[in-house]
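The chains referred to below are lettered A, B, ... by the order of the sequence lines, with proteins before strands, and numbering in each begins at 1. For the numbers below, each heavy atom of this structure counts, side chains included, while hydrogens, waters and symmetry mates do not.
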Amino acid sequence: MNVVTRFAPSPTGYLHIGGARTAIFNYLFAKKHSGKYLVRIEDTDKNRSSEEAIKAIYKGLKWLNVNSDHEIVYQSQNLNSHIKVAYELLKKGHAYKCYLNSDELEKLRIKSRENGIPIKSPWRNKKELDDNKNKKFVIRLKMPSYGTTTIDDIVQGKVTVKNEILDDMVILRSDNTPTYMLSSVVDDNDMGITHIIRGDDHFNNAFRQIQIIKYLNWNIPYYAHIPLIHGTDGAKLSKRHGATSLFHYHDLGYTSDAMFSYLLQLGWSAKNDADYCIDRATKLFALENVSKSPAKFDLKKLKNINAKNLNSMKISDIYKLVVDRFSLSLNNDEQKRFKSLLPELLKRVQVYTDLEFEFDWLFQKDFFCKDKNYQLKLQKHDLMLKEIGSQLKECEWTVENIKNTLNQYILHKSLTFKDIGPILRIALTGKTNSPDLVSIIYELGCTITVNRLNYKY
RNA sequence: GGUCCCUUCGUCUAAUGGUUAGGACUCAGCCCUUUCACGGCUGCAAUAGGGGUUCGAAUCCCCUAGGGAUCACCA
């Protein structure tokens, strides 16, 4: 079977974390089976859709590296074929015109909710009357009123529902536009989608949509309804749980690989942690071991994964990421310094944007410590810093020599490294913690080091 | 409320009738150490509750409780 999957977001805002995960699952499943993964923008609600949102979604998918294998489909461009299908169903007697106005509908809705039965329009069994010709109507699908419908969902398992609980859903609005319920089914069919992988908030829809497919004798796709991502309180992830925009995490300094692998392990489980990376997951992914229960979004775990990812990336890649992000223009010395220190610096951050806090001592030529309390300490050890500076000035600039110079100094003064370390660190970086001092001194170079040690506070 | 789904450490999960219920994150402690980290080691911590079936149940069945999704001329 040639597998074809699709990710079908509606462009009403940025790409949501949950949506991103759905895209990942669709992408992975298609790749695993050497199939195709497509993207379709469901923009049939003109009031809520926007060009901006489309761009945001596209940007998010691109960042995540789950781009459509074909040109992106815009549902709004297929409206005519959807309308045609609505009328075909009407003609075949599987749908009917309903002239109910909103007040009448509201009354029916209240009543049906009280009785626990779905809305059945009185127009279902009426013949169309001549005097209704000019009245507005919607087209509703005539749901089977007896029997059952079973879906063998790849994730949810075999689920059976009584047809009598299915409502006669609207497939064509009174303004002659198709609803999602119709459009989605028609597009899936036209695009040859074999596997519908989506959030399980759509599970109930599947039982209704499948009726259209049956009436039209189309191929019934495989369904896989994946559980939603929840916030820490157990409710569907929403803005009050913090950032739900995928791209927001890009802005915060997470890498797309980390995001990908975190989202993937929310629901799907591999044998090894390493299998959550994009390449390996492409070979291993299976819908069968997607969990049925929703997972809670855990920022701490994400951070941990991101930190690991940062430290496994090629230095040249992460270097480029940081330089681009902060629009750094570095001279040769600074580039070399940054690249050399980067591996050590990365061990200290979980998101790469936190590297920004190291920029001043790293790149400012005339850097000095700004903290008043630290300045007092430096004043107190003014002489010591000067002495060390002058000795460093004499040595040939290698890591080994720098180390020896410092060791000789403490030896002569009967000190330990702990006596000079913290002061040196503050003088050179303005901070009480940093990577190894010797490598910092080496990378900063003789001139800058000595200048900082001689600074008059 | 109707319908559907779910329930293993705090979190993500493994274990598809036989394991001392495993791993990862978090947290705590220790080691390493010039600081902060990284790393290494150790520890805390779970089968929602109750009934069955079975020699044996996290696993199969039933009930209860809790949680979630959905019930639009939105998608």
Side-chain angles (χ1 to χ4, degrees), chain A residues 8-12 42-45 47-49 75 98 100-102 105-106 109 112-119 136-140 151 153 155-157 159-162 164-167 169-181 183-184 198-208 225 227-228 230 232-236 262 265-273 276 289 291-305 307-308 311 343-350 406 410 416-422 424-426 429 431-438:
Chain A
S10 58
T12 54
E42 308 227 312
D43 54 349
T44 52
D45 184 342
N47 294 325
R48 299 206 310 153
S49 302
Q75 189 155 69
C98 167
L100 250 30
N101 63 35
S102 55
L105 245 178
E106 192 51 36
R109 189 168 295 133
S112 79
R113 197 147 182 158
E114 279 171 2
N115 301 334
I117 49 162
I119 293 179
K136 284 201 162 182
F137 63 87
V138 299
I139 294 183
R140 287 180 183 276
I151 290 180
D153 191 279
V155 173
Q156 303 289 330
V159 178
T160 300
V161 146
K162 285 187 184 135
E164 63 199 43
I165 65 122
L166 270 18
D167 68 323
M169 64 187 182
V170 173
I171 54 174
L172 197 74
R173 301 189 189 95
S174 53
D175 63 358
N176 204 43
T177 59
T179 61
Y180 159 80
M181 285 295 178
S183 295
S184 178
R198 54 179 15 173
D200 73 7
D201 49 338
H202 282 290
F203 197 40
N204 292 298
N205 291 338
F207 292 91
R208 308 201 284 160
H225 288 93
L228 270 17
H230 283 181
T232 43
D233 62 351
K236 189 166 144 182
Y262 177 63
Q265 57 190 278
L266 242 36
W268 182 66
S269 59
K271 291 267 184 291
N272 301 303
D273 279 358
Y276 293 109
N289 34 7
S291 165
K292 284 168 96 167
S293 52
K296 289 174 185 163
F297 189 80
D298 181 10
L299 196 62
K300 282 180 177 164
K301 181 103 176 196
L302 208 210
K303 278 188 177 162
N304 178 272
I305 290 172
K308 281 180 182 160
N311 285 289
E344 281 302 313
L345 256 13
L346 282 174
K347 285 179 186 164
R348 291 158 175 79
V349 298
Q350 293 191 295
L406 294 180
I410 55 179
T416 67
F417 207 97
K418 283 182 180 168
D419 298 316
I420 65 165
L424 274 176
R425 182 166 282 111
I426 291 172
T429 70
K431 305 161 72 141
T432 52
N433 51 55
S434 76
D436 167 59
L437 269 174
V438 175

Among the nucleotides B:U35, B:A75, B:A69, whichever has the atom closest to the side chain of A:Asp201 is B:A69
Watson-Crick or G-U wobble partner of B:A75, both distances under 3.5 Å:
none
How close do A:Asn205 and A:Met181 get, heavy atom to heavy atom, and via which atoms?
OD1-CE, 2.7 Å
First encountered from the 5' end of RNA chain B, between A:Arg48 and A:Glu344
A:Glu344
Work out how far the P atom of B:A37 is from that of B:C27, and round it to whole angstrom.
11 Å
Closest nucleotide among B:C25, B:C38, B:U35 to the A:Lys308 side chain:
B:C25
Report yes if a side-chain nitrogen or oxygen of A:Arg140 is closer than 4.0 Å to either non-bridging phosphate oxygen (OP1 or OP2) of B:C73; otherwise report no.
yes
What contact category does A:Leu100 fall into here, base, sugar-phosphate, or nothing, at under 4.0 angstrom with non-hydrogen atoms?
base
Distance between C1' atoms of B:A28 and B:G67 (Å, rounded)
31 Å
At under 4.0 Å between heavy atoms, what does A:Met181 touch on the DNA or RNA strands: base, sugar-phosphate, or nothing?
base
What nucleic acid atoms does A:Ile420 come within less than 4.0 Å of, heavy atoms only: base, sugar-phosphate, or nothing?
nothing
Any side-chain to backbone donor/acceptor pair from A:Gln75 onto A:Thr44? Under 3.5 Å, distance only.
no
Does A:Lys236 have a side-chain nitrogen or oxygen under 4.0 Å from the phosphate oxygens OP1 or OP2 of B:U70?
yes
Say we look at B:C62 and B:G43: how far apart would their P atoms be, to the nearest angstrom?
40 Å
Base-pairing mate for B:C32 - Watson-Crick or G-U, with both contacts under 3.5 Å:
none
Ring pair (Phe, Tyr, Trp, His ring centres under 6.0 Å) against A:Tyr276, all qualifying residues, sequence neighbours excluded:
A:Trp268
Protein-nucleotide distance (A:Asn101, atom CG; B:C73, atom P), rounded to Å
12 Å
Report which part of the nucleic acid A:His202 touches: base, sugar-phosphate, or nothing (heavy-atom distance under 4.0 Å, all strands).
base
Using atom C1' of each nucleotide, how far apart are B:U8 and B:A57 to the nearest Å?
14 Å
Counting the atoms with a prime plus P, OP1 and OP2 as sugar-phosphate, which does A:Pro435 contact under 4.0 Å by heavy atoms, base, sugar-phosphate, or nothing?
base
Restricting to salt bridge (Lys or Arg N to Asp or Glu O under 4.0 Å), what partner residues turn up for A:Asp45, sequence neighbours left out?
A:Arg48
Grab the two heavy atoms, one from A:Pro118 and one from A:Leu166, that are nearest each other, plus how far apart they are.
CG-O, 3.6 Å
In whole Å, I'd like the distance from the CG atom of A:Asn205 to the C1' atom of B:U3.
13 Å
For B:A65, the Watson-Crick or wobble partner whose two distances fall under 3.5 Å
B:U7
If I pick the C1' atom on B:C38 and the same atom on B:U47, what distance separates them, to the nearest angstrom?
35 Å
Whom does B:G2 pair with, Watson-Crick or G-U wobble, provided both distances fall under 3.5 Å?
B:U70
What contact category does A:Asn311 fall into here, base, sugar-phosphate, or nothing, at under 4.0 angstrom with non-hydrogen atoms?
nothing
Between A:Arg109 and B:G2, is there a side-chain N or O to OP1/OP2 distance below 4.0 Å?
no
Under the rule syn = chi within 90° of 0, otherwise anti, which is B:C63?
anti
May I have the distance from A:His230 (atom NE2) to B:G66 (atom P), rounded to whole angstrom?
18 Å
When rounded to the nearest Å, what value does the distance between C1' atoms of B:C6 and B:C12 take?
16 Å
Any strand, both distances under 3.5 Å, Watson-Crick or G-U wobble: B:U16 pairs with none
Taking the C1' atom in each of B:U3 and B:U16, what is the distance between them to the nearest angstrom?
29 Å
Judged by atom type as modelled, is there a donor-acceptor pair below 3.5 Å linking the side chain of A:Thr429 to the main-chain atoms of A:Lys431?
yes
Given 3.5 Å as the limit, does a donor-acceptor pair link the side chain of A:Asn176 with the main chain of A:Leu172, or not?
no
With a 3.5 Å limit on both atom pairs, tell me what B:U59 is paired to, counting Watson-Crick and G-U wobble, or say none.
none
Please measure how far the C1' atom in B:A15 lies from the corresponding atom in B:A21, and state the result in whole Å.
7 Å
Any idea which heavy atoms bring A:Ser112 and A:Ile119 closest together, and the distance?
OG-CG1, 3.7 Å
At under 4.0 Å between heavy atoms, what does A:Ser102 touch on the DNA or RNA strands: base, sugar-phosphate, or nothing?
nothing
What is the ring orientation for A:Tyr180 with A:His202, classed by angle as parallel under 30°, tilted 30 to 60°, or perpendicular over 60°?
tilted
Output a table of nitrogen or oxygen pairs between the protein and nucleotides 4-15 of chain B separated by less than 3.5 Å.
unit_1: B:C5; atom_1: O2'; unit_2: A:Gln156; atom_2: OE1; d: 3.3
unit_1: B:C6; atom_1: OP1; unit_2: A:Lys292; atom_2: NZ; d: 2.2
unit_1: B:C12; atom_1: OP1; unit_2: A:Lys296; atom_2: N; d: 3.0
unit_1: B:C12; atom_1: O2'; unit_2: A:Gln265; atom_2: O; d: 2.7
unit_1: B:U13; atom_1: OP1; unit_2: A:Gly267; atom_2: N; d: 2.7
unit_1: B:U13; atom_1: O3'; unit_2: A:Ser269; atom_2: OG; d: 3.3
unit_1: B:A14; atom_1: OP1; unit_2: A:Ser269; atom_2: OG; d: 2.7

Taking donor-acceptor contacts at under 3.5 Å, does the side chain of A:Thr432 reach the base of B:C36?
no
Taking the side chain from A:Tyr262 and the backbone from A:Asp298, do they hold a donor-acceptor pair closer than 3.5 Å?
yes
For the side chain of A:Ser174, counting heavy atoms from C-beta on, which of B:C73, B:U70, B:A37 is nearest?
B:C73
Which nucleotide in the set B:C38, B:A75, B:C36 lies at the smallest distance from any side-chain heavy atom of A:Gln75?
B:A75
Nucleotide forming a Watson-Crick or wobble pair with B:G43, both distances under 3.5 Å:
B:C27
Does B:U26 have OP1 or OP2 under 4.0 Å away from a side-chain N or O of A:Asn304?
yes
